[in-house]
Amino acid sequence: MIAAERRDGPRAAMIAGAIALMSERGVAATSFRDVLENSGAPRLDLPPLSRR
């Protein structure tokens, strides 16, 4: 992960990290935990999921 992606905030870092991991490993082999660890974004930065 490059510093510029981290400056854009946790959401941007997570998206960039997810894209990189899924491109490398594939979707089925990429977990949410992998994305969090790769991005360095704390779990608390995620908005709650709304129930519809």
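By convention here, the first residue in the shown sequence is residue 1. Computed over heavy atoms, backbone and side chain alike; hydrogens, waters and symmetry mates excluded.
- Of all non-hydrogen atoms in Asp34 and Arg25, the two that sit nearest each other are OD2-NH1, 2.8 Å.
- Minimum interatomic distance between Ala13 and Ser39 (heavy atoms only, all atoms of both residues): O-CB, 3.5 Å.
- Placement of Val35 and Ile19 in two distinct hydrophobic clusters is found when ILVMFWY residues are connected by side-chain heavy-atom separations under 4.5 Å, directly or transitively.
- Annotation: the span from Glu24 atom CD to Asn38 atom CG amounts to 8.5 Å, rounded to 0.5 Å.
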Query - side chain to side chain contact (heavy atoms under 4.5 Å, CB included) assessment of Glu37 paired with Phe32 - result: CA-CA 9 Å; Glu37 289 175 1; Phe32 185 69; over 6 Å; no
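- Taking a 6.0 Å sphere around CZ of Arg11, one finds it holds 12 or fewer heavy atoms contributed by other residues, nucleotides or ligands.
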